[in-house]
Novice: 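If you scroll down you'll find the structure; I have some questions about it.
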There are 2 protein chains.
Amino acid sequence: MAATIAKRQANRLPALLDAAAAHFAERGYHATTMRDIAQEAGVTPGAVYFHVPTKQALLLAVYAQGVDRIIGRFEKALEGQRDPNIRLRCAIMAHLEAILDASAYARVIVRVLPEDIPEATNELKLQRERYESRLRSLLAEVDLPAGRDPKLARLMLIGALNWTPVWYRKSAGSLDGIVNEYLASFGLSPTPLAGK
Amino acid sequence: MAATIAKRQANRLPALLDAAAAHFAERGYHATTMRDIAQEAGVTPGAVYFHVPTKQALLLAVYAQGVDRIIGRFEKALEGQRDPNIRLRCAIMAHLEAILDASAYARVIVRVLPEDIPEATNELKLQRERYESRLRSLLAEVDLPAGRDPKLARLMLIGALNWTPVWYRKSAGSLDGIVNEYLASFGLSPTPLAGK
DNA sequence: AAGCTTGCTAAACAATCGTTTAGTTAGCTA
DNA sequence: TAGCTAACTAAACGATTGTTTAGCAAGCTT
């Protein structure tokens, strides 16, 4: 009974989203075709439209999950951490792990810009804002050096973080060096890794 | 005679590159069609192929000029500046001006990533490297705070710079605030604007 | 067993893509 | 003036795009 249900409504939507995320993350939105996605998911192009009305809706679904996953790793990394500096460190590390290793969904957020799809720009920006507001409150906790603008500092950090996939190669050592460097740009010493 | 020559070989290639740069910068490579470019240049799609063999070649030409223009503004801004910190400040400002206001060509460098066009990735990376090596030698002059890695610091700066178009709005004040913030991330005081 | 719903396939749809082709015009040369 | 070349235009090319359609098989319901 449970097996038949599992077989029946055999929820292929997650698999379709996975396939879409993988392609959107690697090739971008416009360079990805519905046939690409269907093939990776092991179905016919027509079948995709049983689950999703348009290609744009597919992107929006992936985008929303991408933000969810980044925030998720975020909260998990912050759990139990009290020191604001360490919290920031954990957040940076979580973001980097998400977009560099863990999740194609998270990489889509970084690879596909809202402006790339004019008809969906507002919706995409809204999703992105969910994440950025979370980062904003986190940075508000930190004592920035004198003269630093929290808003600009945050935007700078996001830029640095999101550009990382452009140059990062997995072979080149751990993420700690990168995290420390980004922390140092806020005048924060790299040493407090005692948090873990 | 000179007039007829001017009319005859009426070099439309620059106009075509302008049109291509404008569209590539605003919509990206894949979302831009040859018909878009032709229309903006005021010619027939077929005419484009008299001057350029393929769409990819068009991008490469725009890309090369984009790097040229960034470097050009770069050198001009650095002219006569001796203080390494001020030189860095001028370079950051020049970069931001180039990609935010001045040149669609420069914006293409930031908007279209080498990985977006797999068949041209290497060539595009080569162009990009011309600029980054210039920035590398510039950052080598600067005395970074203890514990900073020059390479990572440079990559962080490039990331922050190139992500700026994503959030920057022209209405929101001058670029000085942004430049100062980026400088501050290197532990450099914002004050030495006496350079101008 | 009959009928309905869910989830798909195979095939086609019109539109649009990068690109090509054939023909045309204007100016230069001789 | 005749011919040549540079610089196009108009139209079409085949391929690919996002999407739709018609049909079918399997399970659920009654």
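Just so we're clear, the structure is a prediction, and the values are computed from it rather than from any experiment. Here is how names work: the chains are called A, B, and so on, in the same order as the sequence lines, proteins then strands, and each is numbered from 1. Any value given below was found using the heavy atoms of this structure, including those in side chains, with hydrogens, waters and symmetry copies removed.
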Novice: For A/His30 and C/dC17, what is the distance between atoms NE2 and P respectively, to the nearest whole Å?
Specialist: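 Rounded to the whole Å, the gap is 11 Å.
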
Novice: Nearest whole angstrom, please: distance from the P of C/dG18 to the CG of B/Leu58.
Specialist: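 Interatomic distance, CG of B/Leu58 to P of C/dG18: 11 Å.
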
Novice: Has A/Asp116 got a side-chain atom pairing as donor or acceptor with A/Leu113's backbone, closer than 3.5 angstrom?
Specialist: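 Here the side-chain-to-backbone pair exists.
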
Novice: Short question: side chain of A/Tyr63, backbone of A/Val112 - any donor-acceptor pair under 3.5 Å?
Specialist: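 Yes; at least one donor-acceptor contact below 3.5 Å.
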
Novice: I need the residues from residues 32-50 of chain A with at least one non-hydrogen atom less than 4.0 Å from DNA chain D; give them sorted by number, or say none.
Specialist: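 When residues 32-50 of chain A is checked for heavy atoms under 4.0 Å from DNA chain D, the hits, listed by number, are A/Thr32, A/Thr33, A/Met34, A/Arg35, A/Gly46, A/Tyr49.
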
Novice: Atom CG of A/Asn11 and atom C1' of C/dT6: how far apart are they, to the nearest Å?
Specialist: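 The distance from CG of A/Asn11 to C1' of C/dT6 comes to 12 Å, rounded to the nearest Å.
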
Novice: Check whether any side-chain N or O of B/His51 sits under 4.0 Å from OP1 or OP2 of D/dA6, and answer yes or no.
Specialist: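 Indeed not, no polar side-chain atom of B/His51 lies that close.
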
Novice: With a 3.5 Å cut-off and no angle check, do the side chains of B/Gln65 and B/Arg69 form a donor-acceptor pair?
Specialist: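 Distance-only check passes for B/Gln65 and B/Arg69.
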
Novice: When the distance from CG of B/Leu13 to P of D/dA7 is rounded to whole Å, what number comes out?
Specialist: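 Distance check: B/Leu13 CG to D/dA7 P gives 11 Å.
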
Novice: Can you label the angle between the B/Tyr131 ring and the B/Phe74 ring as parallel, tilted or perpendicular, going by 30° and 60°?
Specialist: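 Rings of B/Tyr131 and B/Phe74: perpendicular, over 60°.
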
Novice: Any donor-acceptor pair under 3.5 Å linking the side chain of B/Gln81 with the backbone of B/Cys90?
Specialist: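 No.
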
Novice: Of the options B/His30, B/Lys55, B/Arg107, which is the one that meets B/Phe24 in a side-chain contact (heavy atoms from CB on, under 4.5 Å)?
Specialist: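 When B/His30, B/Lys55, B/Arg107 are each tested with B/Phe24, the side-chain contact (heavy atoms from CB on, under 4.5 Å) holds only for B/Lys55.
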
